[in-house]
Amino acid sequence: MEEEPPIYRLPHDTLHQIFSSLPLRQIILCRSLSKFFLHLLSAPSFLHLLSISHPPLHLHLLALRHRHTPHTSHTSHTSLSLFDPDHNTWLHFPLDFLPFHSPLPVASSHGLLYLWAQPKPKPNANPSQPDTTATKSLIACNPLTRTFRVLPHLGSAWSRHGAVLVDADHRVMVLTELAALYCHCTPKWLKFSSNLPSKPRSPLLINHSAFALCDVGSPWRNQWKLFSCNIAATPSPSWSRLERHEWGDVFDVLKRPRLVRGHGNRILMVGGLKSSFALNAPCSTILVLRLDLDKLEWDEAARMPLEMFRAFRESTKFKVFGGGDRVCFSAKRIGKLALWDRCAAEGEQWRWIDNLPGNGDGLYRGFVFEGRLHAVP
């Protein structure tokens, strides 16, 4: 019988003192070594020691959403995959502390992770026949401290079709053609009609306002416009078109535009740069535009290098996620992510992210996770 490592026989208090001197990134990596270290470094006594021995630490990571397919939609995903751009490293946060089935992370803000999940199946249930009638719940959790809270119940249609938005004050909005708004200081959802002309694309929640792109064109030609909504205007917030004459044709130069939250009070709009205004004009590269919400002025933030864009040229569509000054791009059959990193130590740069979880051949979605030990669900 194999003898257990000597470190396992040390008192837990001693190990807590040793590991508390490590940087937070190293502690997270050590959690993945074994079940012993996972439980040791997740114990409430150790987390309390970290909270008093470490300054408030933030980890700015890029999180991947699990891709649900007909073969994987009912499997139990037990970890959240995150990429650390500063150290070019993948991290994995276990989600097995949640008493739920198939957790699907969808959003994050200021240290809290938001996900949909179903109640775990009954002990006598057949695992090969999952209960598709079980209603999903929206959950806020901190994967660093392994604590969670279940938000007020919503109907199943919201989990299937709704985009989950969260702001710095932990207001949560679930948006479809209708909208449900939840404020952390009240025990219920405030529901209101969206009055949008079409299904909102890539909505964002910034400083008490929601933003989304909507198609106001015809069945033969898309015409995208920016809409905004002041969610503080209760009890009946309404959407309106946000535009200025000075913006000119800013929405016409991009193919398949998407919104991403920028740094501070800014919005990024990302899409393929059309080579002309013809109906099916090819794209010459991927362009990142930036809107300053204080000045309501657009400028160009970045454009993808041509040698990198060649990998995206054959894709009919691509996905964009990230935030601040870091944006990721994915497309089918590429096998890696393209990253625009304005925060890089060497200055603004474009680079590839390799070693993606899974087979790496699909469209990856994600969001920014800012890990905080002191965030409370």
Side-chain angles (χ1 to χ4, degrees), residues 2-64 77-98 103 105 108-115 139-149 168 322-326 328 337 339 341-346 349 351 353-357 366-377:
E2 185 177 349
E3 186 178 357
E4 66 177 12
I7 192 173
Y8 284 19
R9 296 194 291 271
L10 290 177
H12 284 197
D13 288 347
T14 301
L15 291 173
H16 285 169
Q17 291 292 336
I18 294 172
F19 281 93
S20 66
S21 63
L22 293 177
L24 184 55
R25 282 182 176 85
Q26 298 301 319
I27 294 173
I28 294 170
L29 287 172
C30 290
R31 278 182 174 181
S32 63
L33 294 175
S34 67
K35 289 184 179 180
F36 172 83
F37 285 106
L38 173 61
H39 293 298
L40 175 76
L41 304 180
S42 301
S45 56
F46 178 67
L47 295 175
H48 175 71
L49 179 61
L50 283 183
S51 67
I52 61 177
S53 61
H54 279 64
L57 294 176
H58 301 168
L59 288 173
H60 296 274
L61 307 171
L62 294 166
L64 292 184
H77 300 290
T78 57
S79 66
L80 175 67
S81 298
L82 306 106
F83 182 74
D84 183 348
D86 293 327
H87 292 75
N88 200 35
T89 303
W90 284 98
L91 303 173
H92 302 280
F93 288 180
L95 299 176
D96 55 356
F97 65 94
L98 296 171
S108 177
S109 178
H110 284 64
L112 295 185
L113 173 69
Y114 294 81
L115 49 86
I139 300 159
C141 71
N142 186 339
L144 293 178
T145 60
R146 298 169 67 82
T147 55
F148 70 94
R149 175 172 59 94
D325 294 320
R326 285 169 170 156
C328 277
L337 300 176
L339 173 65
D341 188 356
R342 193 166 172 263
C343 306
E346 302 82 1
Q349 63 171 292
R351 57 191 170 105
I353 299 176
D354 297 305
N355 302 318
L356 272 67
F367 49 88
V368 172
F369 177 75
E370 184 183 356
R372 298 186 178 194
L373 276 173
H374 298 74
V376 180

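Because the structure is predicted, anything quoted here is derived from the model rather than measured.
- Judged by distance alone, with hydrogens and angles left aside, the side-chain atoms of N142 form a donor-acceptor pair with the main-chain N or O of R372 at under 3.5 Å.
- For the atom pair CG (D354) and CG (L337), the distance works out to 9.0 Å, reported to the nearest 0.5 Å.
- With a 4.5 Å cut-off on side-chain heavy atoms, T145 and H374 do not count as touching.
- The closest donor-acceptor contact from the side chain of D84 to the backbone of T89 lies at 3.5 Å or more, if one exists at all.
- Closest heavy-atom contact between H60 and P85: O-CD, 3.7 Å.
- The backbone N or O of L10 lies less than 3.5 Å from no partner atom in the side chain of T14, so there is not a single donor-acceptor pair.
- Between L82 atom CG and L62 atom CG the span is 8.5 Å, to the nearest 0.5 Å.
- In this structure, the side chain of H110 does not engage the main chain of G371 through any donor-acceptor pair within 3.5 Å.
- With contacts defined as side-chain heavy-atom distances shorter than 4.5 Å, the pair F36/L38 does not qualify.
- Closest non-hydrogen pair, L40 versus F46, comes out as O-CB, 3.8 Å.
- Shown here for C30 and F37, the closest heavy-atom pair between the two residues is O-CB, 3.3 Å.
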Could you walk me through whether K35 and D96 pass salt bridge (charged side-chain N to carboxylate O under 4.0 Å, His left out), step by step? CA-CA 11 Å; K35 289 184 179 180; D96 55 356; over 6 Å; no
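- Contact check for Y114 versus P105: no side-chain heavy atoms found under the 4.5 Å cut-off.
- Residues A375 and P377 approach most closely at O-CD, 3.9 Å, considering heavy atoms.
- Between R146 and P94 the shortest side-chain heavy-atom distance falls below 4.5 Å.
- The CG atom of L47 sits 9.5 Å away from the CG atom of L49 when rounded to the nearest 0.5 Å.
- A 4.5 Å side-chain heavy-atom check between L64 and P357 finds at least one atom pair inside the cut-off.
- Residues V376 and T147 have side chains not in contact (no heavy-atom distance under 4.5 Å, counting atoms from C-beta outward).
- Panel note: side chain W90, backbone N355; a donor-acceptor pair is recorded below 3.5 Å.
- Using a 4.5 Å cut-off on side-chain heavy atoms (C-beta onward), R351 and D341 make contact.
- At least one side-chain heavy atom of L15 sits under 4.5 Å from a side-chain heavy atom of I7.
- Residues P143 and G111 share a closest heavy-atom pair of CD-O, 4.5 Å.
- When atom types are taken as modelled, the side chain of R31 and the backbone of L144 share a donor-acceptor pair closer than 3.5 angstrom.
- Here the straight-line distance linking atom OG of S109 with atom CD of E370 works out to 8.0 Å at 0.5 Å rounding.
- Contact between L98 and L115 at its shortest, heavy atoms only, is CD1-CD2, 3.8 Å.
- Using modelled atom types, no side-chain atom of S42 and backbone atom of H39 make a donor-acceptor pair closer than 3.5 Å.
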Working note: S45 + H16, criterion side-chain contact (heavy atoms from CB on, under 4.5 Å); need CA distance, chi angles, decisive distance, verdict. CA-CA 8 Å; S45 56; H16 285 169; 3.3 Å; yes
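- With values rounded to the nearest 0.5 angstrom, L339 atom CG is found 4.5 Å from C328 atom SG.
- In this structure, F369 and F93 have perpendicular ring planes: the angle between them is above 60°, well past the 30° mark.
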